[in-house]
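For reference, the structure discussed in these notes is given below.
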Amino acid sequence: MLTVQTPAKINPVLEVLNRRPDGYHELALVFQAIGLYDQLSFERKSSGVELNIEGPSDLAVDDSNLIVKAARLFIHEVLNDSTGVKITLRKTIPMAAGLGGGSSDAAATLKGLRWLFETELSDEKMNAMASGLGSDVNFFLTGGAALGTGRGEIITPWKSSGSLPVLLIKPSEGLSTPAVYRSGKASLTSGEKAKNFKTLLAQGDAASISSHLFNGLEPAAFYLRPEVELIKKRLIQEGALGALLSGSGPTVFGIFADMAKASAASQKFEGEGFEIVVTQTIPTGVEKL
Ligand code: C5P
């Protein structure tokens, strides 16, 4: 039995450059891992892929689940269907939230199975399998902080910021990523903001980082869910140095000067049906426990 933890992410910058002929959008985005984790355990079995979820979850455990897809792909491509695996997921990262939870679980499955079966599998092959599973999966193979280009799957690792305090507020109802992209409301920019963020992250100053946050999907998410814009405004009122939609939403994150301020602000959102998480940025990715 092998157990791993795998983090969620926020995107301090997400720039949409254009819509590509294949229907995806060309992006330049900054990924930053945060200290909110799903846990996955892997056990060998003779054949097939079995997924169990611990705790309450309405997540499907059939072939539509990204963990099952990743495990089937790995067993077929790397192990020639010679064996099977039983996977147990302890889900903590909110779903359909813009926090990359599904992609993180898929990356953890690829890395977990590589460890479990002790296979000689190149990073190139892992990356190719990851990008076939989803645009955000490649980032989670690396973790920490990184620039994403292409549709988000081309990853350049960056030095991560220090432990920046982050407060996450997620409205109860999720938001569909394709719906956000297809709304036609994204603002298009050149990609310079994302590329210029490298120095800011390395310096790790919460105030400078907070004053350069940008997400071109905000107009789309605010249009589809006006409540999200109000959450952003409230985070600033409650003392965040900066606040931004995470990925395609609907989670909004606020960056705070210290953990005490983040915790104090979190209390102002209680009792309204939000999922609320106080955490911090981390320099790591999938890790064995
Ligand atoms: O790659 P992934 O399966 O995570 O993407 C989900 C959906 O998000 C895509 O089907 C597409 O509608 C949208 N998307 C996009 N451009 C990207 C990434 C995602 O349009 N770069």
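Note that ligands are numbered from 1 as they come in the structure, with each ligand's atoms numbered from 1 the same way. Owing to the predicted nature of the structure, the values given are computational and were not obtained by experimental measurement. Only this structure's heavy atoms are used, side chains among them; waters, hydrogens and symmetry mates stay out.
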Any atoms of ligand 1 less than 4.0 Å from a non-hydrogen atom of [X]? List them with their elements.
| X | answer |
| --- | --- |
| Gly134 | 1 (O) |
| Arg151 | 1 (O), 17 (C), 18 (C), 21 (N) |
| Leu27 | 21 (N) |

Q: To the nearest 0.5 Å, tell me how far Ser160 OG sits from Gln32 CD.
A: 3.5 Å
Any N or O of [X] that comes nearer than 3.5 Å to an N or O of ligand 1?
| X | value |
| --- | --- |
| Thr177 | no |
| Ser135 | yes |
| His25 | yes |

Classify the side-chain pair [X]/[Y] by whether it contains a donor and acceptor separated by less than 3.5 Å.
| X | Y | result |
| --- | --- | --- |
| Ser82 | Asn80 | no |
| Thr6 | Ser104 | yes |
| Thr88 | Ser41 | no |

**Q.** Partner of Asp22 under side-chain hydrogen bond (donor to acceptor under 3.5 Å, both in side chains), chosen from Arg19, Arg20, His25
**A.** Arg20
Q. For atom 13 (C) of ligand 1, what's the nearest protein heavy atom and its distance?
A. Tyr181 CD1, 3.4 Å
**Q.** Identity and distance of the protein heavy atom lying nearest atom 7 (C) of ligand 1
**A.** Pro178 CG, 3.9 Å
Q) Between Lys91 and Asp58, is the closest basic N to carboxylate O distance under 4.0 Å? A) no
Q) Counting only N and O atoms by type, is there a donor-acceptor contact under 3.5 Å from the side chain of Asn11 to the main-chain atoms of Ser246? A) no
Q. With a 4.0 Å heavy-atom cut-off (strictly under), which part of Tyr24 contacts ligand 1: side chain, backbone, both or neither?
A. both
